[in-house]
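Worksheet: the structure to be examined is printed underneath.
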Amino acid sequence: MTAHPLAKGFLRSTLVGCAVLVLSGAGMTLLGGYLFHDSYSTYRMVQDVWSHGIEAQEANVEGKVTSRKFIFDEYKLDVQYRDASGVVHRAAVEMTSIIQGIDDKVEPSVKYDSNDFTRVSVSWLHDLSWGPWLWLLVGLAFVGGGIGLAVVSVRSAVNQLRDASSVAKGFRVVAANLLSMKQQENQGKPLPHFEVTCSLSADAKPITRAVKDGQPLVEGARVLVLVGEDGRAVVPRDDFYPLALPEHESQQLRMQFRRLSGPATTDENR
């Protein structure tokens, strides 16, 4: 087996792509953490003040409800109330609920924290027993999704680098059985990226590899796969990226692949 260099920019593009996805995952995690912390803090404040606070003698509650597709309801309430000493205070409270809504036909009651007059609880929000918890789960889902995206991105990048490094040290050409080839899309528009699933032999476990910015070499129901000495495999583009091969050698490999793709072929070492 003859060693070949990796294509220029392969390492950089792989690491940059991984970094972008990891940053996206970190962003999702931070957003989810913020949503969870902010919502949970408000929920606990509403419950605590209602349990231990003082009921306002006079209160006026105004505000607005933002409904998103009749699933998410965001409540932004402005509360004006008079404490036990007759002093008027103003406070604001916000809460988001999923599916469960308030009963605004009922006159709201207000309780306040005598140690902090900005901490208030409105009966409308206190009566939201399970809707806010669903919103908290959304925050946790963002956290979990962000962490998962980062982990999967790093693992994918490591596997790509290991596969390419193995093949670069030497490879054999295999006309693998093409099981599926899915082209990626963006808003209905096809992209030059493919997800290829194939098996190196009839009884081999299927493998899935990504081919970006180009198409793999396909002949009928066969796809060209480069297999390293340690068994790691790469489905290259039709220009043999991620390797940097001279054109005459690329032509030889294409001819070899066509021969292997004929009837009753077997895997062949290069």
Side-chain angles (χ1 to χ4, degrees), residues 9-48 63-77 92-102 119 125-126 128-165 180-197 206-214 232 234-235 237 241-242:
F10 169 71
L11 177 61
R12 181 179 66 252
S13 64
T14 302
L15 294 179
V16 168
C18 176
V20 169
L21 292 177
V22 168
L23 289 175
S24 299
M28 287 180 60
T29 302
L30 291 174
L31 175 61
Y34 169 77
L35 290 176
F36 181 84
H37 179 268
D38 184 63
S39 300
Y40 183 74
S41 298
T42 301
Y43 179 80
R44 288 308 311 164
M45 185 270 291
V46 168
Q47 299 301 318
D48 289 344
K64 67 176 183 177
V65 180
T66 302
S67 182
R68 306 182 188 279
K69 297 184 178 180
F70 304 102
I71 298 178
F72 297 89
D73 288 332
E74 184 180 25
Y75 301 98
K76 296 183 178 180
L77 304 181
V93 60
E94 299 182 11
M95 183 179 286
T96 301
S97 177
I98 296 181
I99 302 177
Q100 185 185 24
I102 66 172
R119 285 167 46 87
L125 302 183
H126 172 264
L128 293 173
S129 57
W130 50 269
W133 281 103
L134 292 182
W135 179 245
L136 292 176
L137 292 179
V138 171
L140 289 179
F142 269 91
V143 172
I147 294 174
L149 176 60
V151 170
V152 169
S153 301
V154 171
R155 182 180 299 173
S156 176
V158 170
N159 285 334
Q160 288 181 50
L161 292 173
R162 292 179 67 182
D163 290 345
S165 297
S180 68
M181 186 170 72
K182 300 177 182 178
Q183 185 171 10
Q184 297 181 14
E185 295 183 352
N186 182 20
Q187 298 181 347
K189 296 181 179 180
L191 298 174
H193 308 322
F194 296 84
E195 183 180 83
V196 178
T197 301
I207 62 172
T208 300
R209 296 292 186 270
V211 180
K212 297 183 178 181
D213 299 319
R232 287 189 166 274
V234 169
V235 178
R237 289 190 324 213
Y241 184 93

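Since we're looking at a predicted model, the values are computed, not measured.
Atom CG in L35 sits 8.5 Å away from atom OG1 in T96 (nearest 0.5 Å). Summarising the geometry, atom SG belonging to C18 is positioned 12.0 Å from atom CZ belonging to R155; distances are rounded to the nearest 0.5 Å. Within the model, atoms NE2 of H126 and OH of Y43 stand 7.5 Å from one another, a figure rounded to the nearest 0.5 Å. In this structure, the separation between OG1 on T42 and CZ on R119 is 10.5 Å, given to the nearest 0.5 Å. In this structure, CD in Q160 is found 11.5 Å from CZ in R232, a value given to the nearest 0.5 Å.
No more than 12 heavy atoms of other residues, nucleotides or ligands shown are found within 6.0 angstrom of CZ on R12.
Taking both residues in full, the closest heavy atoms of T197 and P206 are given as CG2-CB, 4.2 Å, listed atom of the first, atom of the second, then distance. Scanning all heavy atoms of the two residues, the minimum distance from Q183 to P190 falls at NE2-CB, 3.6 Å. Contact between V235 and V211 at its shortest, heavy atoms only, is O-CG2, 3.5 Å. Scanning all heavy atoms of the two residues, the minimum distance from S153 to L149 falls at OG-O, 2.6 Å. Contact detail for S39 and L136: the closest heavy-atom pair is CB-CD2, 3.5 Å.
In this structure, the side chain of S13 engages the main chain of F10 through a donor-acceptor pair within 3.5 Å.
H193 is listed as a side-chain neighbour of D213, based on a closest heavy-atom distance under 4.5 Å. Using a 4.5 Å heavy-atom threshold, the side chains of S97 and L134 count as separate.
Screening K182, Q184, M181 for a side chain to side chain contact (heavy atoms under 4.5 Å, CB included) involving F194 leaves a single residue, M181.
Using a cutoff of 4.0 Å between basic side-chain nitrogens and carboxylate oxygens, D163 and R209 are scored as salt-bridged.
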Under the side-chain contact (heavy atoms from CB on, under 4.5 Å) criterion, do V152 and L21 qualify, and how do the steps go?
CA-CA 9 Å; V152 169; L21 292 177; over 6 Å; no
Step-by-step side-chain contact (heavy atoms from CB on, under 4.5 Å) determination, F36 to F142:
CA-CA 9 Å; F36 181 84; F142 269 91; over 6 Å; no
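For residues 23-32, the set of pairs meeting the salt bridge (charged side-chain N to carboxylate O under 4.0 Å, His left out) definition, not counting sequence neighbours, is empty.
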